[in-house]
Enquirer: 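Here's a structure for you.
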Amino acid sequence: MASQLIEVELRWRHLKITTFTSQADPDNPDDLQALLLDAIKRDPAAQRRDVPEYKIRIYDRKTRRKLISYVGRSEPGAR
């Protein structure tokens, strides 16, 4: 799948933090990892939360069909 406009929902544990539109390839792990890290920066409480507890849900912007839930990979220095 090529890069496309997608709806991104940032979640921490079971809480919905924010939703926004971005551009990424939902089949590209590097795109998803970068998108997750960028999304975490949108959370004003991020410094008080454990990074491994975050995930993003990616939706098709036109149909609102969920394409993937992504939890990321461990990064050196992640809390």
Side-chain angles (χ1 to χ4, degrees):
M1 196 177 285
S3 182
Q4 60 184 341
L5 284 176
I6 53 175
E7 293 294 318
V8 181
E9 179 182 280
L10 176 66
R11 298 184 75 84
W12 181 76
R13 295 187 179 170
H14 297 289
L15 299 173
K16 180 178 169 181
I17 305 301
T18 190
T19 303
F20 58 93
T21 301
S22 190
Q23 183 173 343
D25 177 351
D27 290 330
N28 182 315
D30 291 331
D31 275 7
L32 294 174
Q33 182 69 15
L35 189 58
L36 174 62
L37 295 176
D38 287 345
I40 291 170
K41 292 176 189 174
R42 297 173 184 268
D43 180 6
Q47 291 183 350
R48 297 186 308 270
R49 296 183 176 161
D50 293 329
V51 171
E53 299 291 327
Y54 281 99
K55 72 177 175 182
I56 51 175
R57 291 181 179 169
I58 307 297
Y59 296 90
D60 181 281
R61 192 164 169 259
K62 293 178 184 172
T63 65
R64 290 292 299 157
R65 180 177 61 91
K66 185 166 75 170
L67 301 174
I68 191 170
S69 290
Y70 182 77
V71 295
R73 57 183 176 255
S74 296
E75 293 289 330
R79 295 184 314 143

Enquirer: The criterion is side chain to side chain contact (heavy atoms under 4.5 Å, CB included); which residues satisfy it with R57, sequence neighbours excluded?
Expert: E9, R11, K55, Y59, K66, S69
Enquirer: Considering only distance and modelled atom types, tabulate donor-acceptor pairs under 3.5 Å from the side chains of residues 22-30, sequence neighbours left out.
Expert:
| unit_1 | atom_1 | unit_2 | atom_2 | d |
| --- | --- | --- | --- | --- |
| Q23 | NE2 | S3 | OG | 3.2 |
| D25 | OD1 | D27 | N | 2.9 |
| D27 | OD2 | M1 | N | 3.3 |
| N28 | OD1 | D30 | N | 2.8 |
| N28 | OD1 | D31 | N | 3.0 |
| D30 | OD1 | R73 | NH2 | 3.4 |

Enquirer: Transitively linked via ILVMFWY side-chain contacts under 4.5 Å: V71 with I17?
Expert: no
Enquirer: At their closest point, which heavy atom of I56 faces which heavy atom of A39, and how far apart are they?
Expert: CG2-CB, 4.1 Å
Enquirer: Using side chain to side chain contact (heavy atoms under 4.5 Å, CB included) as the criterion, list what pairs up with L32, not counting sequence neighbours.
Expert: I58, I68, Y70
Enquirer: Answer yes if L36 and L5 sit in the same cluster of Ile, Leu, Val, Met, Phe, Trp and Tyr residues linked by side chain heavy atoms under 4.5 Å apart, and no otherwise.
Expert: no
Enquirer: Quick one, R42 and V8 - any side-chain contact, counting heavy atoms below 4.5 Å?
Expert: no
Enquirer: Go through the structure and list residues passing salt bridge (charged side-chain N to carboxylate O under 4.0 Å, His left out) with R61, not counting sequence neighbours.
Expert: E7
Enquirer: Only counting residues at least two apart or in another chain, list the ones meeting salt bridge (charged side-chain N to carboxylate O under 4.0 Å, His left out) with D43.
Expert: R49
Enquirer: Between the main-chain N or O of E53 and the side-chain N or O of D50, is there a donor-acceptor pair closer than 3.5 Å?
Expert: no
Enquirer: Can you sort out the partners of R64 under salt bridge (charged side-chain N to carboxylate O under 4.0 Å, His left out), two or more places apart, ordered by chain and number?
Expert: none
